Structure formats: C-alpha cells, structure tokens
Number of protein chains: 2
Amino acid sequence: MASQEIELLASALARLPGLGPRSARRAVLWLVKKRESALPALMEALEGVQDRLVECDVCGNVDTQNPCGICADPRRDAKGICVVEDVADLWALDRARLFTGRYHVLGGKLSALDGVRPEDLNIASLLARVEEGGIDEVVLAMNATLEGQTTSHYIAERLEAFPVRITQLAHGLPVGGELDYLDEGTLAQALRARRPVG
Amino acid sequence: MASQEIELLASALARLPGLGPRSARRAVLWLVKKRESALPALMEALEGVQDRLVECDVCGNVDTQNPCGICADPRRDAKGICVVEDVADLWALDRARLFTGRYHVLGGKLSALDGVRPEDLNIASLLARVEEGGIDEVVLAMNATLEGQTTSHYIAERLEAFPVRITQLAHGLPVGGELDYLDEGTLAQALRARRPVG
C-alpha cells in the first residue's frame with residue numbers, strides 16, 4: 001500500500017496502548033491530512049519531552065525537572081506523603097487535586113509470584129523521608145488488589161516505629177456503583193466499613 | 001500534575017482519532033516508561049514522514065514520492081483504474097491486495113448539503129486519464145451511502161462517452177453478516193442482486 005515510511009509510522013503508533021493496527025492507520029491518515037498543523041504539533045510535543053524526562057530523586061515521579069514539580073512546589077503541604085505503586089497512580093490522584101501533600105512512588109508492588117521483594121521497591125527511601133522528620137501523615141494509596149494490600153500492610157508495619165499517622169484509602173462502593181453490578185469483595189468491604197448516617 | 005511539557009504531549013496525542021484524553025495519558029505514561037526505545041522510534045517515524053508527504057499528481061494518493069508508489073509500480077496493470085472517495089479508501093482496498101490496477105482519489109463525494117459540486121472533486125483529472133487512452137476498465141468504488149452512490153452514478157454518466165467498461169463494487173451481505181442483524185437496505189440490495197447457485 002503506502003510507502004515504507006508511512007507503514008513505519010503506522011506500526012510505531014500501533015504500539016501505543018489504546019491504539020490497535022486499525023486505529024493506528026486511521027491516526028496516520030489523520031496526521032497525513034493535518035500535516036501542516038497536528039503533525040508538527042505532535043512532533044514538538046514529543047521533542048519537548050524527549051531527553052528531558054527524569055525521575056525525581058525525592059519521590060520517584062517522572063517529570064522534566066528534578067526534584068519534580070510537586071516536590072518543588074512550596075505551596076504543597078510538606079507534612080503529608082501519599083504512597084502509590086506507580087507514576088500513573090500519582091498522576092491519577094493528583095489530577096483529582098484532592099491531596100495537598102507530596103507523593104512517594106514505590107515503583108511496583110510486593111509480589112511473591114513475580115519475585116518482587118521489599119528491597120526491589122522504593123521503600124528504604126520512603127522510610128528515610130519519614131525518619132528525617134516533619135511528616136505527620138502517610139497515606140497508603142495502593143491499589144485495592146491482593147498484592148497492593150499486601151504491600152500496604154508491609155509498609156504500615158515498617159512505619160509503625162515512627163511517630164506518624166498511617167492511613168489508607170477507603171474501600172467501598174465506587175461513586176455511581178450499583179450494588180447489583182458490584183463484586184462480592186467490594187460489597188463485603190462496603191458493609192464491613194459501614195458508617196453511621198448523618 | 002505533571003509538567004507543562006508532559007501535559008502538552010498528552011493533549012497532542014489526545015487529538016489523534018481513537019485516543020481520548022484518558023488513553024492519551026496512558027500513552028504518555030507508556031512513552032515515558034519507554035523513553036529509551038519507543039519514544040525515539042515514534043519520533044523517527046514521524047520525522048520520516050514529515051515534510052515528505054506529497055499528493056500524487058496522477059491519482060491523488062498521499063505518499064512520500066510523486067508519482068506515488070502505486071502509480072510508479074510497473075507491475076501494476078495500467079489498464080484498470082479504481083475510483084475511490086478518499087485516500088483512506090485507497091489504502092483499505094490496497095491492503096486487501098485484490099485490485100491489480102491503479103487508483104484515482106476523488107477527494108470527497110458529491111453533496112448538495114455540504115455544497116460539494118462535481119468541479120470540487122478530482123473528476124476532470126479522471127476523465128483526462130481515461131481520455132488519454134489505454135484504460136479498459138474503471139471500477140467505481142464509492143461508499144455504499146446515498147452520497148457515494150450519487151457520485152458513482154454521476155461519474156458513470158460522464159464516462160459513458162469513452163470506450164471503457166464501467167463497473168462498481170457488489171452490494172450485498174458482508175462476509176459473516178447475519179441476516180437478523182443487517183439493515184433492510186442491505187437485505188434489499190442482496191435480494192435484488194441475487195445470483196443463481198453453482
């Protein structure tokens with residue numbers, strides 16, 4: 001069909017999560033049509049990021065500056081740390097703009113199956129941050145999966161020695177969740193953690 | 001959340017058809033993770049295409065060469081022209097590798113509603129190609145929509161003056177199509193165009 005260069009672009013785009021071969025081809029065609037506007041804009045955006053991405057030495061976030069924009073922001077509450085598994089989780093939480101403190105990215109979760117041990121995660125650096133003092137609360141925001149919760153328990157134990165409040169995200173019905181469609185595990189959690197009305 | 005550069009990339013990716021804001025963010029994160037491999041590969045692929053895309057003077061295909069790879073290919077049957085609405089249709093047909101001739105891209109379809117008249121489409125250049133001689137068959141491969149078929153009829157009429165065979169794609173049941181799920185229009189077409197068995 002099209003030239004080798006166009007094919008190459010289609011297969012590079014098809015590797016993006018969320019784009020299959022078919023939608024990658026549609027994207028190529030769209031870029032071809034918008035070759036005066038959207039194509040250079042995309043290239044510029046990629047260039048803006050390329051070679052400039054660094055991992056934050058403090059929290060493990062990925063940003064174009066080190067320390068990252070969140071750690072460097074003086075308006076952020078320095079007394080709270082929210083611990084997450086991955087950078088994606090940090091971004092998701094921070095988009096919600098609910099947590100005013102800073103973050104700590106573990107870089108994964110404990111997993112006997114995948115052979116991920118505590119020393120494979122950024123736990124030592126978390127303990128060091130807490131040990132340094134000035135921290136009031138550590139929010140454990142692991143995924144509500146078995147491995148996420150195992151990781152959460154492990155970190156909670158390691159933090160017990162420090163004078164900080166250790167909290168975790170509430171588990172229960174998601175907003176808009178209909179009981180009929182929710183799994184038993186979620187329902188059990190929601191019932192167990194039931195609260196008085198009003 | 002993330003830096004301005006990362007936000008810019010997310011919004012540039014979100015403009016691609018098939019990627020919404022959410023999947024664009026996932027794509028950014030994936031690119032961030034693969035910043036040593038997939039990110040430079042995507043940039044190279046875009047660079048390979050940028051500034052090199054040209055419209056084929058003969059058929060209207062978009063390629064990195066002019067005439068395009070198909071028009072320039074001597075193994076292609078020079079006696080057949082397949083007329084399509086858009087470059088996307090050309091690519092879709094050519095991926096199937098069924099048509100051995102060349103193509104002609106109209107660049108749209110006649111539409112009273114959108115004010116697209118015959119002179120807005122690449123019809124004159126099609127007639128010129130046929131008039132030049134050496135063409136045996138013109139396949140009209142417009143979409144099976146009202147406007148596509150109007151365009152098809154119009155071009156068929158304009159071609160009547162020339163000694164060429166004018167054909168169009170068959171209409172009927174799509175492969176794997178279940179009668180129960182098909183619209184009445186398709187069923188009517190399939191019944192009207194029924195053929196003897198064996």
Side-chain angles (χ1 to χ4, degrees), chain A residues 1-13 15-20 22-35 37-53 55 61-65 68-70 86-88 90-97, chain B residues 1-13 15-20 22-35 37-53 55 61-65 68-70 86-88 90-97:
Chain A
M1 55 165 264
S3 74
Q4 211 187 338
E5 290 89 354
I6 293 179
E7 287 288 357
L8 257 174
L9 178 56
S11 60
L13 284 170
R15 292 185 59 200
L16 290 177
L19 278 184
R22 200 190 180 82
S23 42
R25 265 187 256 114
R26 277 178 50 219
V28 168
L29 211 71
W30 183 83
L31 283 170
V32 160
K33 271 186 190 157
K34 308 249 170 183
R35 57 185 176 274
S37 55
L39 200 150
L42 177 57
M43 289 212 52
E44 252 174 63
L46 284 164
E47 271 160 19
V49 159
Q50 196 197 27
D51 300 329
R52 296 184 52 194
L53 291 173
E55 219 164 80
N61 186 15
V62 173
D63 204 345
T64 49
Q65 51 176 298
C68 75
I70 293 173
D86 283 312
V87 175
L90 188 164
W91 292 6
L93 273 173
D94 209 54
R95 263 197 308 279
R97 295 175 193 280
Chain B
M1 54 166 267
S3 74
Q4 211 186 342
E5 290 88 354
I6 293 179
E7 286 289 356
L8 257 173
L9 178 56
S11 61
L13 283 170
R15 293 185 59 199
L16 290 177
L19 278 185
R22 199 190 181 82
S23 43
R25 265 186 256 114
R26 279 178 50 221
V28 168
L29 210 71
W30 183 84
L31 284 170
V32 161
K33 273 187 190 157
K34 308 249 171 185
R35 55 185 177 274
S37 55
L39 199 149
L42 177 56
M43 289 210 51
E44 251 174 64
L46 284 164
E47 270 161 19
V49 159
Q50 195 198 28
D51 299 329
R52 295 182 53 194
L53 291 173
E55 217 163 83
N61 186 15
V62 172
D63 203 345
T64 49
Q65 52 176 296
C68 75
I70 294 173
D86 283 311
V87 175
L90 187 164
W91 291 6
L93 273 172
D94 210 51
R95 263 197 308 281
R97 294 177 194 281

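Letters go in sequence order (proteins before strands), and every chain restarts at 1. Since the model is a prediction, treat every value here as computed from it, not as a measurement.
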Legend entry - B:Arg35 versus chain A, the contacting section by heavy-atom distance below 4.5 Å: side chain
Inset, instruction - With sequence neighbours left out, write down each residue that passes salt bridge (charged side-chain N to carboxylate O under 4.0 Å, His left out) with A:Arg52, or none if nothing qualifies. - result: B:Glu5
Legend entry - Spacing of A:Ile6 atom CD1 and B:Asn61 atom CG [to the nearest 0.5 Å]: 7.5 Å
Inset, instruction - Calculate, to the nearest 0.5 Å, the distance between atoms CZ and CH2 belonging to B:Arg26 and A:Trp91 respectively. - result: 13.5 Å
Inset, instruction - Flag the one option from B:Cys68, B:Pro17, B:Ala12, B:Ser11 with the top tally of heavy-atom pairs under 4.5 Å to chain A. - result: B:Pro17
Inset, instruction - Give, for atom CG of A:Leu8 and atom CD of B:Glu47, the distance between the pair rounded to the nearest 0.5 Å. - result: 12.5 Å
Legend entry - Interface residue of largest heavy-atom contact number with chain B, from A:Leu16, A:Leu93, A:Val28, under 4.5 Å: A:Leu16
Legend entry - For B:Ala24, all residues meeting side chain to side chain contact (heavy atoms under 4.5 Å, CB included), sequence neighbours excluded: B:Leu13, B:Ala14
Legend entry - Nearest-0.5 Å distance that lies between atom CG in A:Leu31 and atom CD in B:Gln50: 10.5 Å
Legend entry - Full working for side-chain contact (heavy atoms from CB on, under 4.5 Å) between B:Val49 and A:Leu39: CA-CA 9 Å; B:Val49 159; A:Leu39 200 150; 4.2 Å; yes
Inset, instruction - Kindly check if the number of other-residue, nucleotide or ligand heavy atoms within 6.0 Å of CD (B:Gln65) is above 12? - result: yes
Inset, instruction - Could you tell me which of B:Gly20, B:Ala27, B:Gly48 has the largest number of non-hydrogen atom pairs under 4.5 Å with chain A? - result: B:Ala27
Inset, instruction - Quick one: do A:Leu46 and B:Leu46 satisfy side-chain contact (heavy atoms from CB on, under 4.5 Å)? Show the steps, please. - result: CA-CA 10 Å; A:Leu46 284 164; B:Leu46 284 164; 3.4 Å; yes
Legend entry - CZ-NZ distance between A:Arg15 and B:Lys34, expressed to the nearest 0.5 angstrom: 6.0 Å
Legend entry - Winner by heavy-atom pair count (cut-off under 4.5 Å) against chain A, out of B:Leu90, B:Val87, B:Asp86, B:Leu42: B:Leu42
